[in-house]
Number of protein chains: 2
Amino acid sequence: MSPIELLNTHHLRKTQFREKVLDIFLRHDRALSHRDIESQISEADRITLYRTLRTFEEKGLIHKAIDGSDKLKYALCAGHCDVHAHHDHHAHFHCASCGQTFCIDEVQPPGIQTPPGFVVESTHLIFNGRCALCAN
Amino acid sequence: MSPIELLNTHHLRKTQFREKVLDIFLRHDRALSHRDIESQISEADRITLYRTLRTFEEKGLIHKAIDGSDKLKYALCAGHCDVHAHHDHHAHFHCASCGQTFCIDEVQPPGIQTPPGFVVESTHLIFNGRCALCAN
DNA sequence: AGCACACACGCAACAATGTTGCATTAAAAA
DNA sequence: TTTTTAATGCAACATTGTTGCGTGTGTGCT
Ligand SMILES: [Mn+2]
Ligand SMILES: [Mn+2]
Ligand SMILES: [Zn+2]
Ligand SMILES: [Zn+2]
């Protein structure tokens, strides 16, 4: 998938800025924070990036990667997410040492055990520890 | 458990401010954000509250309730947490409607399925949906 | 009770993160 | 190419969190 293909598929205007942002996501196999991305675009406008990320999330190009850290991160959606539904039913791993966050597509959150009266709409499973590099 | 008992047990100085904060926690059966607490203490000092919450967390009186929202929340530790170890192995429920977060003590995160090379130290399980009140 | 010490508090100053409004510019449609 | 629509860039502001430092308070000891 190229940046332009992703924008086409999700019916978004093709702009230089959006292509740059998607290019950065495609070159990393981990979740990225606002800051991660901003520091890789020369002359990036903070505000535009906030709006770009929000749009990408709404349209199903990226999903929030909840990792228990104070920073909000996003990762590329693997499959067929769109404006109507996200399907990111996988765990996330957060390294307490280097701060990196990875999607663990193989591990799914457990079957929903609903507490009485509560309606569960989505589930997040987060592993916190040390990544392969930091564990040694 | 009273505020004073909690402070004694965890070897912390008994101050008016700390007692007020613990009193608020004891009167709510849900996780509270910095803002939730601040708005219930007249003439609360923001900075002191930040430091109070950090101290309580370090000493094992409260634990962070990761709920996937942008706000950091804390809840009273149920059992025998202390400065050396927290034992909050339970799920959290976050209501997307009213924003409240509850500890679900009965539900534990699943047995750790370690991705190769990664070392897992803790696990968080978050249910997102609608609470009993908001579901109707 | 009085004293000394350690620690908690309160305030200022600053940093990081996120939002809104609006004029300008660029992309898509006509 | 012209028109229409949406994205961008900038200012201004709001929220959240951190650090340094002088002052006040709780606690243990005499
Ligand atoms: Mn993911
Ligand atoms: Mn909890
Ligand atoms: Zn790491
Ligand atoms: Zn609710």
Side-chain angles (χ1 to χ4, degrees), chain A residues 2-25 31-62 64-74 83 99 101, chain B residues 2-25 31-62 64-74 83 99 101:
Chain A
S2 73
I4 290 180
E5 283 177 291
L6 280 170
L7 291 171
N8 278 333
T9 311
H10 294 86
H11 312 102
L12 287 174
R13 289 194 173 181
K14 295 176 278 287
T15 71
Q16 277 211 326
F17 193 90
R18 287 176 174 177
E19 290 176 37
K20 276 187 203 170
V21 172
L22 287 176
D23 191 60
I24 291 170
F25 272 112
L32 301 173
S33 67
H34 183 282
R35 193 153 249 280
D36 290 334
I37 300 164
E38 197 186 352
S39 67
Q40 291 196 38
I41 303 181
S42 53
E43 306 169 37
D45 184 69
R46 254 165 31 86
I47 290 90
T48 302
L49 181 53
Y50 277 117
R51 290 195 268 230
T52 300
L53 292 174
R54 187 185 307 166
T55 300
F56 283 179
E57 204 267 335
E58 283 168 6
K59 304 290 173 156
L61 284 81
I62 61 181
K64 288 181 182 143
I66 311 291
D67 69 356
S69 78
D70 47 350
K71 306 201 185 311
L72 177 56
K73 291 178 189 161
Y74 292 99
V83 70
T101 301
Chain B
S2 72
I4 291 182
E5 283 177 291
L6 280 170
L7 291 171
N8 278 334
T9 312
H10 294 86
H11 310 104
L12 287 173
R13 289 193 174 181
K14 293 176 277 288
T15 71
Q16 276 212 325
F17 193 90
R18 288 177 173 174
E19 289 176 37
K20 276 187 201 168
V21 173
L22 288 176
D23 191 59
I24 292 170
F25 272 111
L32 301 174
S33 67
H34 182 281
R35 192 155 248 279
D36 290 333
I37 301 165
E38 196 185 353
S39 66
Q40 292 196 38
I41 303 182
S42 53
E43 307 169 36
D45 183 69
R46 255 164 31 84
I47 290 90
T48 302
L49 181 53
Y50 277 117
R51 291 196 268 230
T52 300
L53 292 174
R54 188 186 306 165
T55 300
F56 283 179
E57 204 267 335
E58 284 168 5
K59 304 290 172 149
L61 283 80
I62 61 180
K64 287 181 182 141
I66 310 292
D67 69 357
S69 78
D70 47 349
K71 305 202 185 310
L72 176 56
K73 291 178 188 159
Y74 293 98
V83 69
T101 301

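Within every chain, numbering begins at 1; the chains are lettered A, B, ... in the order of the sequence lines, protein sequences first and strands thereafter.
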Between [X] ([atom1]) and [N] ([atom2]), how many Å, whole number?
X	N	atom1	atom2	value
Lys71(B)	dA14(D)	NZ	C1'	11 Å
Leu7(B)	dG26(D)	CG	P	12 Å
Tyr74(A)	dT17(C)	OH	P	14 Å
Lys73(A)	dT17(C)	NZ	P	12 Å
Asp36(B)	dT16(D)	CG	P	10 Å
Lys20(A)	dA7(D)	NZ	C1'	14 Å
Asp45(A)	dT20(C)	CG	C1'	14 Å
Arg18(B)	dG10(C)	CZ	C1'	14 Å

Touch class at under 4.0 angstrom, heavy-atom based, for Arg46(A) against every strand present: base
Sugar-phosphate only, base, or nothing, as touched by Arg35(B) at under 4.0 Å among non-hydrogen atoms: sugar-phosphate
Listing time: all N or O pairs from protein to nucleotides 24-30 of chain C that are below 3.5 Å?
unit_1  : atom_1 : unit_2   : atom_2 : d
dA28(C) : OP1    : Lys14(A) : N      : 3.1

Can you find a pair of side-chain heavy atoms, one from [X] and one from [Y], that are under 4.5 Å apart?
X	Y	value
Phe56(B)	Leu12(B)	yes
Val83(A)	Glu58(A)	no
Leu32(A)	Lys73(A)	no
His34(A)	Leu72(A)	no
Leu53(A)	Ile37(A)	yes
Lys59(B)	His11(B)	no

Residue whose nearest DNA chain D nucleotide is more 5′ - Phe17(A) or Leu72(B):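 Per heavy-atom nearest nucleotide, the more 5' residue is Phe17(A).
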Strand-adjacent residues in residues 47-62 of chain A, judged by heavy atoms under 4.0 Å from DNA chain D: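 Within this stretch, Ile47(A), Thr48(A), Arg51(A), Thr52(A) sit under 4.0 Å of the strand.
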Worked check of side chain to side chain contact (heavy atoms under 4.5 Å, CB included) between Lys71(B) and Thr101(B): CA-CA 11 Å; Lys71(B) 305 202 185 310; Thr101(B) 301; over 6 Å; no
Donor on one side chain, acceptor on other, Glu5(A) and Ser2(A), under 3.5 Å: yes
Ser33(B) to Asp36(B) - nearest heavy-atom pair and separation: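 So the minimum-distance heavy-atom pair works out to N-OD2, 2.8 Å.
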